[in-house]
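First up is the structure itself, then whatever we jot down about it.
Positions are given from 1 along the sequence. Keep in mind that this is a model prediction, so the values were computed, not measured.
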Amino acid sequence: MMKDMMAPSKQDGVEGCCGAGGLRKELYPYLMSLPAWTREGRLDVERLAQERVRESTSILQTSHTSLLKALQTSDIKAAERALQQSRDSLGLIASGVAAHRLLIEGAPPQDVAAQWFKLEMNLAPTSMAGDSDVLHGVTPLHLFAMGLLIAFALAMVVMYFFKMRRAAKLFGRIKSDSGSPPPGAAPPLSGAPSPPSRVTPPDANLASPKVLPPSTVSDPKSPAAEKPQATDSLPKESFTALNAVKDLASPLTANWRGRLRVGSIIRETPNVKTLRLLPVSSASLMPFTFVPGQFLNLSFSIGGARMNRSYSISSSPMRREYVDLTVKREPRGAVSRHIDDLLKVGNEIEVGGPVGRFTFTGAEAQSIVLISGGVGITPMMSIARYLTEQSWPGDIYFIYGCSTPAELIFAKDIAELQAANPKLNVTVTMSRPEGTDWKGSQGRITKELLAQAVPDIASRRIHLCGPQVMMEAVKALLAELKVPPEQVKTESFGTAAPTPATDGTAAKPTTPATGPLVTFSKNNKSAKIHVDQTILELSEELAIGIEFSCRVGTCGICKVKMTSGEVEMAVEDGLDADDKANNIILACQAKPKGPVEVEA
């Protein structure tokens, strides 16, 4: 309190207390200088008291808001600063209230200042207001401050609880950790793991000759870059190893669900990690097979909510003893931050899959163009590794765009593959190379870069994966280069979900629903659907927890059974023949043609 009396207040950038004529004075020295109360002195003290209470109350409100924001964003340092600001404000309010009390009591100014000084220095056993205002050494003012802080803490706990409830509603899947297995594109695993391949996997380590710069691009005039024949098939003798790998399992029958163990974690770039997953049991081989370009569905329980994400496999399917998933930490990604911050070697993960049709084994075309940006490189690495291990005779054009050399994922792996495979032609371009020693291509992927890196690009099969904006731009460039749209295969995850409303559910459309009636039989809810709205979007509007991940019809997590009615789906990649035969639909793609009933 002594410090509060001495502390000057602030107004218009000037510190002190407002006296007559605008003169600034500090409270304690000013009280000591007054031999007796005067009208001017009383007005000065009264002005200062009112000013401190008013300003400190405003600061207290501001610090309260800052504390709430800091706790919501888990910024502990900001929360501590806001809490200290609240304490300081309460101290100033206390000095203002005490000053008013002095004016009412009418004690001589110097006696008041001396008594205040003794109290603050613990030299006086009594308070200025008398023993009746002190309970076990605690004044009513202190009790008030403690009560306010306790109420503040309780409010934070309540807000945190409701925040987590809103998050759980948004994902629509509050379940215990011991709930059902993670949803995937396949039925539950039954029996023993898949039988081992009849193909002996190659040595675990590729030949590693001298690493070449990843920016190296083959000469378009070289024999490896000659225009391919019109036919899509290669000589039969080139597919001996390929046909053996196809015997591992079909991508539609090799689907699996269960748990895998984190065997190792590899740091690729500052914000990208590769998880090497191993069987949980003592088996030496993975319990499923996959085709290069497929992905796995992962399930986590985070903050009471069950969250599913899809991550492309970056390893070759020939490596039957492990599977690699390469994950980028997203600033606002709940799952990617959980993986980056908390996942440790030895942890087990719930897995479903593999699924996806963004695949290439070499049988589909004579050559392949792999264009990627950012973490979209992961399925391209699986394809490039597999084709290299198989000594595939076709040309591989690997084009990768990223921001800076520090963000170049798989830099060493790309160089080693390029050195081991004369058919692999690599082009890497940096959009922000300033301040680095990068000597390769600079700028974003352009039409000129594509035409230079890939001779006769219009005749080749192209796989494209990366951020949505990048893919749309590259597709426009390919159209300008006369590449037929059916030759361009794309992979896209993370399409933005509808903007959540304040209660944590999907934002409700403002126009009345005029579409067919949709009935969710398990929840006993029915509603008309809006024009161009999907069943998944309507389920979010009604707070029905249909699980989802990619929202683009690929991962298969949002599968539901349609018991009556008919729907249209723009993308059906997440469904297999059995799903279609059993009226399984993808909620993220399904748009009713008439009244529909689904089991959800």
Looking just at side-chain N and O atoms, do Ser441 and Thr429 make a donor-acceptor pair shorter than 3.5 Å? yes
Under the side chain to side chain donor-acceptor pair (under 3.5 Å) test, residues paired with Lys528 that sit two or more places apart: none
Could you work out, with side chain to side chain donor-acceptor pair (under 3.5 Å) as the rule, every residue matching Ser316, not counting sequence neighbours? Glu389
side-chain contact (heavy atoms from CB on, under 4.5 Å) partners of His338, counting only residues at least two apart: Phe300, Ile302, Leu342
Would you please name every residue forming a salt bridge (charged side-chain N to carboxylate O under 4.0 Å, His left out) with Glu330, sequence neighbours left out? none
With sequence neighbours left out, the residues meeting salt bridge (charged side-chain N to carboxylate O under 4.0 Å, His left out) with Lys561 are none
I'd like to check the side-chain contact (heavy atoms from CB on, under 4.5 Å) partners of Arg337; sequence neighbours left out, ordered by chain and number. Arg329, Asp341
Taking only residues two or more places apart in sequence, or in another chain, which ones meet Glu448 in a side-chain contact (heavy atoms from CB on, under 4.5 Å)? Thr446
Sequence-distant partners of Lys475, salt bridge (charged side-chain N to carboxylate O under 4.0 Å, His left out), two or more places apart: Glu472
Not counting sequence neighbours, list each pair that qualifies as a salt bridge (charged side-chain N to carboxylate O under 4.0 Å, His left out) and has a residue in residues 262-279. Arg267-Asp340, Lys273-Asp340, Arg276-Asp324
Using side-chain heavy atoms (C-beta onward) and a distance below 4.5 Å, is Tyr311 in contact with Val335? yes
Indicate whether the side chain of Ser367 and that of Arg460 have a donor and an acceptor atom separated by less than 3.5 Å. yes
With sequence neighbours left out, what residues match Cys465 under side-chain contact (heavy atoms from CB on, under 4.5 Å)? Phe358, Pro379, Met380, Glu491
Which residues pass the salt bridge (charged side-chain N to carboxylate O under 4.0 Å, His left out) test with Glu407, not counting sequence neighbours? none
With sequence neighbours left out, write down each residue that passes side chain to side chain donor-acceptor pair (under 3.5 Å) with Thr490, or none if nothing qualifies. none
